[in-house]
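Down below is the structure, laid out as structure tokens.
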Amino acid sequence: MADSCCQKKGDDLKLLAKRQAGVLWIVLIINLVMFFVEFASGIYYQSLALTGDSLDMFGDALAYGSSLYVVNKGLYAKARASQFKAVLMIVLGIAFGLNAVYRVFFEANPNPMAMGGIGVVALVLNLICLALLTRHKTDDVNFQSVWLCSRNDIIANSSVLIAALLVGITATKWPDLIVGISISILFIKSAIGVMRDSKLILKEQN
């Protein structure tokens with residue numbers, strides 16, 4: 001009877017891992033495609049908000065890739081993967097902040113129509129990603145961290161749309177820059193939370 005229960009539990013875990021992997025592949029592909037679209041558009045239209053959000057997409061793609069790598073592994077490996085995501089968010093946040101400072105002095109005003117149009121597409125796709133990940137957000141620390149990344153994407157995308165509106169109204173680059181710096185701070189704050197939770201899990205494993 002005990003062997004039968006263990007076998008059933010093992011089969012359930014394998015089925016869960018398979019479902020998680022399927023979701024991760026979908027959101028990974030979505031984020032990689034949007035990274036290229038937003039990065040190219042941000043450079044062309046000189047929008048810090050778009051280029052910054054594209055880096056977030058790329059960071060998320062790496063995060064989903066690392067989550068996919070450990071989906072069949074133990075809690076220790078998943079906590080380590082979460083730490084990798086946290087470090088990645090910090091690096092992107094700092095780089096994004098430095099880029100914002102550069103744009104204050106050297107870049108022209110962004111194109112608000114381009115920011116708005118691409119921002120809407122990114123928001124819709126990230127809402128799809130969030131919906132897919134929400135079903136698994138309480139599975140383990142691995143999915144908790146990727147769900148947090150996806151939630152931050154929604155906030156970032158919404159901020160891009162607000163920046164696009166304000167850029168069009170004010171005809172200045174300041175709304176774009178303020179949004180860029182705000183997204184940078186969001187990355188770093190989220191990373192600190194993920195790092196803290198991962199360290200607690202690793203401490204319990206030792």
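Note that the structure is a prediction, hence the values are computed from the model and not measured.
Looking at Phe35, Phe39, Tyr64 one by one, the single match for ring pair (Phe, Tyr, Trp, His ring centres under 6.0 Å) with Phe58 turns out to be Phe35.
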Chi angles and distances behind the side chain to side chain contact (heavy atoms under 4.5 Å, CB included) call for Leu132, Ile128: CA-CA 6 Å; Leu132 291 171; Ile128 293 173; 4.2 Å; yes
Side chain to side chain contact (heavy atoms under 4.5 Å, CB included) assessment of Val87 paired with Met195: CA-CA 8 Å; Val87 171; Met195 186 67 75; 3.7 Å; yes
Trace of the side chain to side chain contact (heavy atoms under 4.5 Å, CB included) decision for Leu68 with Gln20: CA-CA 8 Å; Leu68 192 59; Gln20 289 179 339; over 6 Å; no
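Linking Ile, Leu, Val, Met, Phe, Trp and Tyr residues whenever their side-chain heavy atoms come within less than 4.5 Å leaves Leu88 and Val91 in two separate clusters. Transitive grouping of hydrophobic side chains (ILVMFWY, heavy atoms separated by less than 4.5 Å) brings Ile94 and Ile192 into a common cluster.
Of all heavy-atom pairs between Leu24 and Leu133, the closest is CD2-CD2, 4.5 Å. Of all heavy-atom pairs between Asn31 and Cys129, the closest is ND2-SG, 3.9 Å. Closest non-hydrogen pair, Phe84 versus Leu62, comes out as CE2-O, 4.1 Å.
By the 4.5 Å heavy-atom criterion applied to side chains, Glu38 and Val121 are not counted as neighbours. With contacts defined as side-chain heavy-atom distances shorter than 4.5 Å, the pair Gln83/Lys199 qualifies.
Leu28 contributes atom CG, which lies 5.0 Å from atom CG of Leu32 (distance to the nearest 0.5 angstrom). Atom CD1 of residue Ile154 and atom CG of residue Leu130 lie 5.0 Å apart, to the nearest 0.5 angstrom. Note: Ile29 CD1 to Leu125 CG = 12.5 Å, rounded to the nearest 0.5 Å.
For Arg151, the side chain to side chain donor-acceptor pair (under 3.5 Å) criterion is met by no residue, not counting sequence neighbours.
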